[in-house]
Amino acid sequence: MKDKKSITPQVPLEHLIFVNRNLRLSSIKMVGFDMDYTLAIYKYPKFEELALEKTINRLIEKGYPEEIFDKKFDSRYVMRGLVVDKINGNILKLDKYNFVHRAMHGKTNLTYEERYANYRNKKLDLFSNDFLWLDTLFSLPEVAIIINTIERLKTLKHFQHIKLYDLISDIRKSIDEIHQDGTLKKIVQKDISEYIEFDPLLPSTLHRLKSNGKKLFLLTNSLWEYTNHIMSYLLNNRLKGYQHWTTYFDIIIVGAGKPEFFSENKPFELLNTTSNQSKPLSPSINSFIKGEIFQGGNILDFERLSAIKGEQILYVGDHIYGDILSSKKKTLWRTCMIIPELADEIKITINNIKEIKKYGRMELKRIILERELNQIKYNIKNGINNYSKGEIEKKKEKYVRLIQNLENMKNGISSRFNPFWGSLLREENELSKFGAQIEDYACIYTSRVSNFINISPDQYLVSPPKLLPHELELEEMVR
């Protein structure tokens, strides 16, 4: 069935696909998808409230006192891409250079002096056990529990014996457990529409890719039962010719075990969906069988069995480490990052674009004026002075006013994204740690899979020009 739907002429900005590295879609032979938060978007904050409640229940079962917990999920305090310092119980927001710009202990912002004392002139080893990198949307309830619990422990003096390091470690273990043992999934399966968004454009998007010659595959860590429930809700009988969701995909892999899928050599298994029993894939099988369900596996066998490899594959996922970073480091696959929060970030940016641009121009003026003042200071020190004392004082006063105005503007703009953490993707004049990883590892990024319906499956996606600092400053310097 050939797709006849035309491309929408005017696409809302929040539905665009953005390009870090040029990508010629005509060269892509196969497109793969993660499921959770990629094809299946969980409803916010309904799912987060459920995960928070069940995680706290698990912690109480482990012996933690109920009174140290708060089951309220406050979206103002949570964001993806934060880092937890388990030793001090602080939550940090870093820029691309691992500089700590913001930090909270409970619901209290750390001052500049406190941040300086704890994190300046120290190399933060984010891969050590002393830090937690909260890079998935599944980690939002974790942020809320840590912040709420530490805030309560400040006033509950009779629980001061609880060690923050152990508490934070147990929160992570408990949230992992309720995801893995089916506690959450059983509830979601019983009332899928309550927790999973239905995107009416998703079926047509997948069909458009298929009808233009792309092979599609599903590569998810979720096991068959849960995958089948979620995908059936999203795709079964949603489009003529596709009675069952499996019809959309040429290859279906569940229980993939990412990121190890990209780095280890776990063999593929063939899954009997009736008995839920799996068996090793026979060595005589030299290609994937359409309609069969595979489990586990590794990237080398995937490329051998699919007969497609490297830059001919585009993989679409939401997890910067499990999906994007690992696939990009270990393979030549092209990558697309799904960032559901991006839609809101774009809307806020559009509503504040004049002020954001003004802030950028003022920041360039500050840089140039600071350079000039430093030059004057150096010249005076060496007995050279081309300015009167009054002129120098005026420049200093102008600089101080500029700094004050910039600070006020920065705080105002930042708070419109999030009152405590600012923008997901930026931190002051730098990319945030999360934003930098998207720039480094995602060839393209967008807010949801169905945004692909707005472009041709053979389109050449071109990255905008990247400007160096001297190019950004030239206009203001000449002026």
Side-chain angles (χ1 to χ4, degrees), residues 1-3 21-35 38-39 205-222 224 227 231 235 241-242 244-273 278-317 322-324 326-336 441-444 449 452 456-461:
M1 180 168 61
K2 190 73 175 170
D3 173 50
R21 280 171 289 287
N22 293 355
L23 176 59
R24 200 179 295 277
L25 288 177
S26 60
S27 299
I28 298 296
K29 293 185 177 180
M30 187 157 57
V31 184
F33 300 92
D34 184 28
M35 183 178 75
T38 300
L39 294 173
T205 303
L206 298 178
H207 168 64
R208 182 195 286 277
L209 292 169
K210 279 186 69 68
S211 65
N212 281 271
K214 314 293 185 192
K215 288 188 174 182
L216 304 185
F217 68 94
L218 179 70
L219 180 66
T220 175
N221 284 356
S222 292
W224 167 252
T227 300
M231 296 300 292
L235 295 175
Y242 294 95
H244 196 263
W245 70 268
T246 54
T247 315
Y248 286 90
F249 298 96
D250 298 277
I251 304 166
I252 298 171
I253 303 166
V254 299
K258 296 171 292 178
E260 288 77 13
F261 179 90
F262 297 106
S263 59
E264 297 184 5
N265 198 33
K266 186 178 178 181
F268 277 107
E269 296 176 336
L270 198 58
L271 183 68
N272 183 323
T273 57
S278 61
K279 61 180 181 180
L281 200 62
S282 170
S284 63
I285 295 177
N286 55 19
S287 63
F288 285 111
I289 306 162
K290 186 173 172 59
E292 296 286 358
I293 308 301
F294 298 87
Q295 187 167 282
N298 63 84
I299 186 170
L300 293 178
D301 284 340
F302 178 91
E303 292 187 343
R304 176 178 61 84
L305 293 168
S306 68
I308 300 174
K309 62 172 63 176
E311 293 189 346
Q312 295 176 321
I313 298 173
L314 172 65
Y315 186 60
V316 185
D323 295 325
I324 304 302
S326 293
S327 60
K328 199 66 183 171
K329 278 189 170 182
K330 303 292 182 181
T331 77
L332 293 175
W333 288 11
R334 306 306 300 270
T335 52
C336 173
Y441 297 110
C443 299
I444 59 177
V449 169
F452 276 93
S456 163
D458 293 327
Q459 189 163 325
Y460 185 30
L461 300 173

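The analysis underlying the following values was restricted to heavy atoms, covering all of them including side chains, and did not include hydrogens, waters or symmetry mates.
- Rounding to the nearest 0.5 Å gives a distance of 9.5 Å between CG of L300 and CZ of R304.
- You'll find the side chain of M231 reaches within 4.5 Å of the side chain of F249, heavy atoms only.
- Aromatic pair F217/F302: centroids less than 6.0 angstrom apart.
- Proximity of L235 to L39: side-chain heavy atoms (C-beta onward) are nowhere separated by under 4.5 Å.
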Let's go through L305 and L281 carefully: what are the C-alpha distance in whole Å and the side-chain angles of both, what is the deciding distance for side chain to side chain contact (heavy atoms under 4.5 Å, CB included) to 0.1 Å, and is it a yes or a no?
CA-CA 11 Å; L305 293 168; L281 200 62; 3.8 Å; yes
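- Nearest heavy-atom pair, Q295 versus S278, reported as atom, atom and distance to 0.1 Å: NE2-OG, 3.9 Å.
- Remark: side-chain polar atoms of T247 are not paired, donor with acceptor, to backbone N or O of G241 under 3.5 angstrom.
- For K210, the NZ atom counts as densely surrounded, since its 6.0 Å shell holds more than 12 non-hydrogen atoms of other residues, nucleotides or ligands.
- Y441 approaches T335 most closely through the heavy-atom pair O-OG1, 2.7 Å.
- In this structure the side chain of L206 reaches within 4.5 angstrom of the side chain of F33, judged on heavy atoms.
- Between W245 and T227 the shortest side-chain heavy-atom distance falls below 4.5 Å.
- No side-chain heavy atom of E311 sits less than 4.5 Å from a side-chain heavy atom of S27.
- Rounding to the nearest 0.5 Å gives a distance of 8.0 Å between CZ of F288 and CG of D301.
- Proximity of a side-chain donor or acceptor of D250 to a complementary backbone N or O of L216 within less than 3.5 Å is detected.
- To the nearest 0.5 Å, atom CD of residue E292 and atom CD1 of residue I251 are 12.5 Å apart.
- Heavy-atom contacts from other residues, nucleotides or ligands closer than 6.0 Å to NZ of K214 number more than 12.
- From I308, atom CD1 reaches atom CE of M30 across 4.0 Å, with rounding to the nearest 0.5 Å.
- Using a distance-only test at 3.5 Å, with no hydrogens or angles considered, a donor-acceptor pair links the side chain of E303 to the main chain of G310.
- With values rounded to the nearest 0.5 angstrom, K258 atom NZ is found 5.0 Å from L219 atom CG.
- Between Y315 and T38 the shortest side-chain heavy-atom distance does not fall below 4.5 Å.
- Taking each heavy atom of I289 and F294 in turn, the nearest pair found is N-CZ, 3.6 Å.
- Between the side chain of D34 and the main chain of T220, no donor-acceptor pair closer than 3.5 Å is present.
- Here the rule is side chain to side chain contact (heavy atoms under 4.5 Å, CB included) with L271, and of I293, I252, I253 only I293 fits it.
- The distance from atom CG of N212 to atom CG of L25, rounded to the nearest 0.5 Å, is 10.5 Å.
- Using a 4.5 Å heavy-atom cutoff, the side chains of F452 and V31 are not in contact.
- Contact between L209 and P457 at its shortest, heavy atoms only, is CD2-CB, 4.3 Å.
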